[in-house]
Structure formats: C-alpha cells, structure tokens
Amino acid sequence: MFNGLGLFFDTYANGRQKGHFPYITAMIGDGKTKYDPSTDNKSNEVGGCTAFFREREHVTRAKVVYVEDKMLQVFVDVDGLGSWKNCFTKNDVSLPKRGYFGFTSETGDASDNHDILRVSTYSIQNEHTGKGTPQPPVVQNDAVKQRPLRQMGTADAKPAAPQPPQPPSDSSSSAWGWMWTALVVVFCVIAVGAVAAGALVAYQKMNQPKSYKRF
C-alpha cells in the first residue's frame, strides 16, 4: 500500500481482462488500497495501455507528466525511434505535495529480468502550468542561511543609505608637495657632496710632505 502514483509494468496476464500484454497500468494509492494482481489491477486503474517493452534490442523508455491538481499523462517510447507516444491522459488528478521515488518488482511462477538504466526528473512549464513566478535568489554561507534577497524595484525595498561627501581633491597642493620634496632631496645631495669634497681636501693637505726652508 502507498500514497501517490503507482505505475506498473505488467508482463503477464493473471486475470481474464481485455488487453494485450505487456501492459502498463497506473493507480492512485490512498494508503489503504492494495494492488490487485488477480484482475491485473483493472479494478483500481486510472489509465493504462499496451506497450511492448519486453525483450527488445534497444532501450525502451517511459515518461510521466504531472500538472499539479490538473492532469496526469504517461508517454512511452518502445520502438527505439526517439519519439513519444501517448499511453493515457487523466484529468483532475491530485498527488501528494511531497513524495519519493521507489522501484520494486514482483513475480510469480515465471521470472523475468528488467534493468533501470536511468531516471531523470524535470520541472516543466507549459500551457497548463503557466509561466510561473520566479523566486528571488537565496544567499547562503557556511554559518547561516540568510533571507531571500528582495527583487530590485519592489515597493518595500529600502533606499540605500547616503554616503558622506568626499572632500575635493586638490591637484595643485599635491604638485607643490612633490616639488618641495624634490628640492629637499637636491639640497641634501649638494650638502653631502660639499662635505665630502672638504674632507678630501683636508686629507690631502694632511698627508702632503712638509718642506723646510734653509736660511
């Protein structure tokens, strides 16, 4: 027993029901009603179709389309042509808001082998669902989940806080500052050169041999 949609791929006819097998049948579980193998679930079926998905040389596929509280559709591709064929369409179908995917199998006296190669899920938009309402992005970090960001242009968005005025840049003062710095550097270089030259002259005079005059 289960709640939600049950899609059954039946390869063997147990009851004396109309239809050729293999057969795909669907039922909406209410948590109380069981699948009825004695009638191949005809008593609980909301839709179904014959689909020769067994013992094929190519991959066979099935697609389920559900429009919330409006419609349920099942498509099959068993010919390997890459085209979908409608299995059944059922209107006014309501499934649980949240659910899970499950896969199981059952056999009687005869056994068979089936492989599930891939399962893909998508969120669709069409003439039944409408364009939908885009959701604002949510900013998350490692420590805390923040609230969704407000969309730009909404009426309740708060204006940005005014920034304090910045003083105007004085290019002339900057130029004078660079000029004074250059002058100080040049003056220091000249002073160091003069001191070095004086020291060199004094050193040469001190090491010059003395000459004695005779009278």
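Values in this document were obtained by computation on a predicted structure and should not be read as measured data.
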| query | Among pairs that include at least one residue of residues 38-123, which meet disulfide bond (SG atoms under 2.5 Å apart), considering only residues two or more places apart or in two chains? | reply | Cys49-Cys87
| Partner set under side-chain hydrogen bond (donor to acceptor under 3.5 Å, both in side chains) for Asn3, not counting sequence neighbours | none
| request: Hey, could you give me the CG/CG distance between Asn14 and Asn41, rounded to the nearest 0.5 Å? | output: 11.0 Å
| query | Looking at Ala51 and Ile24, what are the two nearest heavy atoms and their distance? | reply | CB-CD1, 3.8 Å
| Thr25/Met27 under side chain to side chain contact (heavy atoms under 4.5 Å, CB included): CA gap, chis, key distance, verdict | CA-CA 7 Å; Thr25 178; Met27 67 174 287; 5.9 Å; no
| Contact check, side chains of Trp84 and Arg61, non-hydrogen atoms, under 4.5 Å | yes
| message | Please list all pairs meeting ring pair (Phe, Tyr, Trp, His ring centres under 6.0 Å) that have one or both residues in residues 87-115, counting only residues at least two apart or in different chains. | response | none
| Quick one: NZ on Lys70 to CG on Asn91, what's the gap to the nearest 0.5 Å? | 11.0 Å
| query | Is there a side-chain contact between Lys97 and Glu68, using heavy atoms and a 4.5 Å cut-off? | reply | yes
| said: Does anything in residues 34-64 form a ring pair (Phe, Tyr, Trp, His ring centres under 6.0 Å)? List the pairs, not counting sequence neighbours. | reply: Phe8-Tyr35, Phe9-Phe53
| query | Listed by chain and number, what are the side-chain hydrogen bond (donor to acceptor under 3.5 Å, both in side chains) partners of Ser94, not counting sequence neighbours? | reply | Asp69
| query | Any idea which heavy atoms bring Asp36 and Ser43 closest together, and the distance? | reply | OD2-OG, 3.5 Å
| Sub-3.5 Å donor-acceptor pair from the side chain of Asp30 to the main-chain atoms of Lys32, do we have one? | yes
| Distance in Å, Glu55 CD paired with Thr60 OG1, rounded so as to fall on 0.5 Å steps | 11.5 Å
| field | Closest contact, heavy atoms only, Pro22 versus Arg54 | value | CG-CB, 3.9 Å
| task | Evaluate the side-chain proximity of Tyr23 to Asp40: yes if any heavy-atom separation is below 4.5 Å, no if none is. | result | no
| message | Taking side-chain hydrogen bond (donor to acceptor under 3.5 Å, both in side chains) as the definition, give me every residue that meets it alongside Lys85, ordered by chain and number, with sequence neighbours left out. | response | Asp79
| field | Shortest non-hydrogen contact from Leu72 toward Tyr66 | value | CD1-CB, 4.3 Å
| remark: Taking every heavy atom of Gly4 against every heavy atom of Pro96, the minimum-distance pair comes out as CA-CD, 3.7 Å
| Quick one: do Val59 and Leu7 end up in the same hydrophobic cluster if we chain Ile, Leu, Val, Met, Phe, Trp and Tyr together by side-chain heavy atoms under 4.5 Å apart? | no
| query | Can you hop from Val93 to Leu5 via hydrophobic side chains spaced under 4.5 Å? | reply | yes
| note | Nearest heavy-atom contact between Asn44 and Lys34 is ND2-O, 3.1 Å
